[in-house]
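Since the structure comes first, as structure tokens, the remarks are kept for the end.
In this chain, numbering begins with 1 at the start of the sequence shown. Quick caveat: nothing in here was measured; it's all calculated off a predicted structure. Counting convention: from 1, in listed order, for ligands and their atoms alike.
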Amino acid sequence: MKRFIIFIVFLCFSLLQIATICSAQAQSKTKGFEYNEFDTQKDGPSFEFTKPTSTIDQNALQITPDNQNQENGYYNKSGRIMYRDRYTLWLSDRDEIASFNTNFVINMYRETTWEPGEGLAFLIAPSYDVPVASYGQWMGITNETTDGKPENRIVAIEFDTRKQDFDPDGNHLGLNINSVNSSKTVSLSEFGIDLSQPDRKHSVWINYNGKSQELEVYMAKEGDAKPETPFLKELINLRHFVERVSYFGFAASTGDPGIQFNCVTKWNLEMEVLSSEKDWKWLIIGLSVGVSTSVLLLVLSGIKVRGFYLKKKKNRARDEEAGVTGKLKMLPGMPREFKYKDLKRATRNFHESMILGKGGFGVVYRGVLKGDDREKASDNAVTQVAVKRFSRDNIDGKEDFLAELSIINLLRHKNLVRLEGWCYEKGKLLLVYDYMPNGSVEKHLYKSSDGHTLSWRHRYKILAGVASALHYLHNEYDKKVVHRDLKASNILLDSDYSARLGDFGLARAIENERNSYNELELGGVPGTLGYVAPECFHMGKATPETDVFGFGAVILEVVCGRSPGVKIQHEEQQFTLVDWVWMLHREGRILEAVDERLDNVYEVDEAKRLLLLGLACSHPVAGERPQTQAICQIIAENMPPPRVPPFKPVFMWPSSSTAFNSVEESGNFSKTWSL
Ligand SMILES: *[C@@H]1O[C@H](CO)[C@@H](O)[C@H](O)[C@H]1NC(C)=O
Ligand SMILES: *[C@@H]1O[C@H](CO)[C@@H](O)[C@H](O)[C@H]1NC(C)=O
Ligand SMILES: *[C@@H]1O[C@H](CO)[C@@H](O)[C@H](O)[C@H]1NC(C)=O
Ligand SMILES: *[C@@H]1O[C@H](CO)[C@@H](O)[C@H](O)[C@H]1NC(C)=O
Ligand SMILES: CC(=O)N[C@H]1CO[C@H](CO)[C@@H](O)[C@@H]1O
């Protein structure tokens, strides 16, 4: 009987939880931002700018220059400032379009002596690149060649201060679809608004209802309330005109003689997030979370009633933790949560002897989970896992953690190490991966305990696997993912010598470009340097091309059995691995680069193919490196090996006045940091 009551209580808790989770799901479906002013340092990274025309200055987005000194003044300029993250307007398998509301303040300031021109527009566009020669009447939206073409995939609301042949006047707003010739215009003078009155700011509200497909535009002088009725109202099915995933932002232009500032001083956007998960999935998540929480509640209420009387401080920390944990639980298909206590025990209190490796942002430990630590494992089973503990437990770390989690959570590939679960407790962030008992390629190349070295067959298979994983990361996932830290110690082996790419600690979707190589400098991961592309030191940014460079280093390392970070002494000269192989290639004896420990047991054609590919990937110019598609085909022998010039091309960086040939040859990496 007692059991039955417990069961009923349990059931009620579960249902309550399901209801809460489902309703939370139904409500919390918007995302967006709010800027009451703009700061170059703080907010700059969230936007894409047309350089050098568009900037943040005077706490505003300056879409065209606000400064006479800016490269020959105010005339004939066009630019765009777009929010860096794109938004999804509809899902491929659904009819529904996302609704959005946006509110911004524009300031089209001009001196009284200036003739006004040309205009500013709110833009939904597939790209942040401004078309060539889009100044003057084209408003940074189109140009003479592209205007009116459906391929533009642009919908805009223009605020036009200069009359063209097709305009009603020089003071109107308009709905622009792929063209500056508006499909609908509204003259603003009748509403008492004069856009180009010197020094007057205006608030704009744009509301789009994805269900009714109604687009409404409201305007008022800044400080005045939003009017009751819209200035412009139009039915528009955005699916017909813009990309499913689009950028939001602003475009503007000046002409000759018409000039003005085109700036935005405030901007907020609220966007509906369409749920990609079928409803039953939420039910399952709700159910599982509900069940586990109620179990927890039962245990708590039974055992630790006193535990609730905690100090306020602790409660706040817990609330914050609950916030993050809540977010994690919202992630679709999120793997299981581990208890800190269990992971601590599994790693023998994060003992040094359990360390598997150190990567960006943290240390990876081996963990041994015993029977009841894993719900599903049978009683006596022992499971090994790799536990990554983040080195930074502060706010930064939390963001890194969430970024890493949301990305790797979506990655599924046979050559990637699988994520098992996560833990966020007591301010500690932990990720749990599959344990790869056979260790890394680095270990197998250099530290094999039984004196055996990797056979040629295995080396080829490993490289093919890594290429395939890289191709997946770069192409098959809808947000491009760069690995950022490709190196032999990050390539793990499973029991049949298949490569598994691990440690996405530094993986970042390209779009949120928070990846800085300064972290390398600070965190000090010197072994990684041989794998880092020269342009990284200038851009401080990882791209698919820098990953390919890293892969080139891995190819050469695996074929030659030499670390890219170690110099090679050859006839009184010191070479980096790449330069050494390149020299042998030039002298027609590239096969001498193959690892001697193979005792000549390898395929000559395959070795040549890989070495040439390795050199091609190491090209100092990022744009000249092969892409992963070609790399996979070359490895699969569906494509001939790349042609490699006899001399390594010289690395040049356009923005750098310091002359040096390549990072490799400069010999002192710390010098290049300051460039
Ligand atoms: C602006 O462009 C127009 C035509 O494209 C040209 O005639 C004019 O000289 C340009 N003005 C300036 C200041 O560059
Ligand atoms: C219009 O823009 C496109 C893309 O930027 C460019 O290729 C084209 O040459 C431009 N047309 C003119 C007339 O400048
Ligand atoms: C502008 O578009 C209208 C139809 O929307 C068309 O009749 C007119 O010719 C166009 N004008 C120019 C200059 O392209
Ligand atoms: C490299 O450069 C740094 C900073 O300029 C300097 O402190 C260091 O001694 C240099 N190392 C070598 C090997 O030249
Ligand atoms: C590639 C490799 O080293 N494979 C080994 C992995 O570990 C298992 C068990 O220890 C061995 O049987 C494999 O040969």
Problem set entry | Residue pair E158 / S182, side-chain donor-acceptor N/O under 3.5 Å | yes

Exercise. Does NZ or CZ of R86 fall inside the cone over Y247's six-membered ring, less than 6.0 Å from its centre and within 45° of the axis?
Worked result: yes

Problem set entry | Polar contact flag for D256 and ligand 1 (N/O pairs, less than 3.5 Å) | yes

For this session: Say whether N143 and S134, considering side chains only, have a donor N or O and an acceptor N or O under 3.5 Å apart.
Result: no

Exercise. Between W267 and G249, what is the shortest heavy-atom contact and its length?
Worked result: CH2-CA, 3.7 Å

Give every pair made of an N or O atom of ligand 2 and a protein N or O atom lying under 3.5 Å apart, one pair per line with both atom names and the distance to 0.1 Å, or write 'none'.
unit_1, atom_1, unit_2, atom_2, d
ligand 2, 2 (O), N143, ND2, 2.2
ligand 2, 5 (O), V132, N, 3.2
ligand 2, 11 (N), N143, ND2, 3.0
ligand 2, 11 (N), T145, OG1, 2.5

For this session: Test side-chain contact (heavy atoms from CB on, under 4.5 Å) on Y35 and F47 and set out the steps.
Result: CA-CA 12 Å; Y35 293 98; F47 296 92; 3.5 Å; yes

For this session: Using a strict 4.0 Å cut-off to heavy atoms of N76, name the atoms of ligand 1 that fall inside it.
Result: 1 (C), 2 (O), 3 (C), 8 (C), 10 (C), 11 (N), 12 (C), 14 (O)

Exercise. Can you tell me if S253 and S78 form a side-chain donor-acceptor pair at under 3.5 Å?
Worked result: no

Exercise. What atoms of ligand 1 come closer than 4.0 angstrom to any heavy atom of Y75?
Worked result: 13 (C)

For this session: Check whether NZ of the Lys or CZ of the Arg K226 lies under 6.0 Å from the centre of the six-membered ring of Y218 and within 45 degrees of that ring's axis.
Result: yes

